[in-house]
Peer 1: 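Here it is, the structure, as structure tokens.
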Amino acid sequence: TDQVVLMYHDQIPKDFQQYDQATKFVQSWSAVMKQALEVVENCPSCGYFNPACFIHTQFTSSQPTIGGKSYIDAVTKWISARKSGTSERVLVQDSCGIVCNPTCPQV
């Protein structure tokens with residue numbers, strides 16, 4: 001869930017979960033974004049790391065993680081596959097809902 005897009009483009013408050021309409025909007029937005037990633041799923045040389053966090057650029061080497069993997073792990077695996085000529089895709093996505101990953105950095 002992209003903090004910059006939602007807060008600064010769509011005027012969704014940071015504490016959106018206190019407001020039913022805002023929460024419904026974020027849930028819909030999240031579903032549309034996940035649907036948009038289906039294109040990547042059909043691309044043999046593409047990949048993504050999609051945590052359920054309310055962040056934009058606050059990724060660190062250790063946060064957030066999905067299934068114990070950081071974005072660095074995912075990108076490293078993707079680059080290694082590309083360099084070796086394999087078509088292994090790296091599709092790492094939370095399935096818990098919106099803003100529910102406990103390893104998300106607090107902003």
Peer 1: Could you check W29 against D10 for side-chain contact (heavy atoms from CB on, under 4.5 Å), going step by step and ending with a plain yes or no?
Peer 2: CA-CA 10 Å; W29 189 89; D10 299 325; 4.2 Å; yes
Peer 1: Give the minimum heavy-atom separation between K77 and V90, together with the two atoms involved.
Peer 2: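 That would be CG-CG2, 3.9 Å.
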Peer 1: Look at the side-chain heavy atoms of Ile, Leu, Val, Met, Phe, Trp and Tyr, link any pair under 4.5 Å apart, and say whether Y19 and V26 land in one connected group.
Peer 2: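 No, because Y19 and V26 fall into different hydrophobic clusters, even though each may have its own neighbours under 4.5 Å.
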Peer 1: Got a donor-acceptor contact below 3.5 angstrom from the T23 side chain to the F16 backbone?
Peer 2: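 Such a contact is found between T23 side chain and F16 backbone.
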Peer 1: Return the CD1 to CD1 distance between I72 and I79, rounded to the nearest 0.5 Å.
Peer 2: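 If I round to the nearest 0.5 Å, the distance is 10.5 Å.
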Peer 1: Could you pull out the closest heavy-atom pair between G47 and L91, with the gap in Å?
Peer 2: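 Looking at all heavy atoms of both residues, the closest pair is CA-CD2, 4.0 Å.
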Peer 1: Going only through I, L, V, M, F, W and Y residues with side-chain contacts under 4.5 Å, is there a path from V40 to V92?
Peer 2: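 In one cluster: no.
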Peer 1: What are the two closest heavy atoms between N50 and Q93, and how far apart are they?
Peer 2: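 For N50 versus Q93, the nearest heavy atoms are ND2-NE2, 2.8 Å.
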Peer 1: Indicate the atoms forming the closest heavy-atom contact of G97 with A52, along with that distance.
Peer 2: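 Scanning both residues, the minimum pair turns out to be O-CB, 3.4 Å.
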Peer 1: Answer with yes or no whether the hydrophobic clustering places F54 together with Y48; edges join I, L, V, M, F, W, Y residues whose side-chain heavy atoms lie under 4.5 Å apart.
Peer 2: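 Not linked; separate clusters.
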Peer 1: Please evaluate residues Q58 and Q106 with respect to the criterion side-chain contact (heavy atoms from CB on, under 4.5 Å), reporting the C-alpha separation (whole Å), side-chain torsions for both, the decisive distance (0.1 Å), and the verdict.
Peer 2: CA-CA 9 Å; Q58 294 88 356; Q106 298 302 309; over 6 Å; no
Peer 1: Any idea which heavy atoms bring F49 and A74 closest together, and the distance?
Peer 2: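 In this case the closest contact between F49 and A74 is CD1-CB, 4.0 Å.
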Peer 1: Give me the one residue out of P105, C53, P51 that meets side chain to side chain contact (heavy atoms under 4.5 Å, CB included) with Q63.
Peer 2: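 Result: among P105, C53, P51, P105 is the only option passing the side chain to side chain contact (heavy atoms under 4.5 Å, CB included) with Q63.
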Peer 1: I want to check something: taking the side chain as every heavy atom from C-beta on, are P64 and D94 in contact at a cut-off of under 4.5 Å?
Peer 2: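 They are not in side-chain contact.
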Peer 1: If you look at every heavy atom in Y8 and Q11, which pair is closest and at what distance?
Peer 2: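 Closest approach of Y8 to Q11: O-NE2, 3.3 Å.
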Peer 1: If you round to the nearest 0.5 Å, how far is NZ of K14 from CG of L6?
Peer 2: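 Going from the CG atom of L6 to the NZ atom of K14 covers 13.0 Å.
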Peer 1: Quick check: is I98 connected to V4 through a chain of hydrophobic side chains (ILVMFWY, heavy atoms under 4.5 Å apart)?
Peer 2: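 V4 and I98: one cluster.
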Peer 1: In this structure, would L37 and V75 fall into the same cluster of hydrophobic residues linked by side-chain contacts under 4.5 Å?
Peer 2: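 Different hydrophobic clusters.
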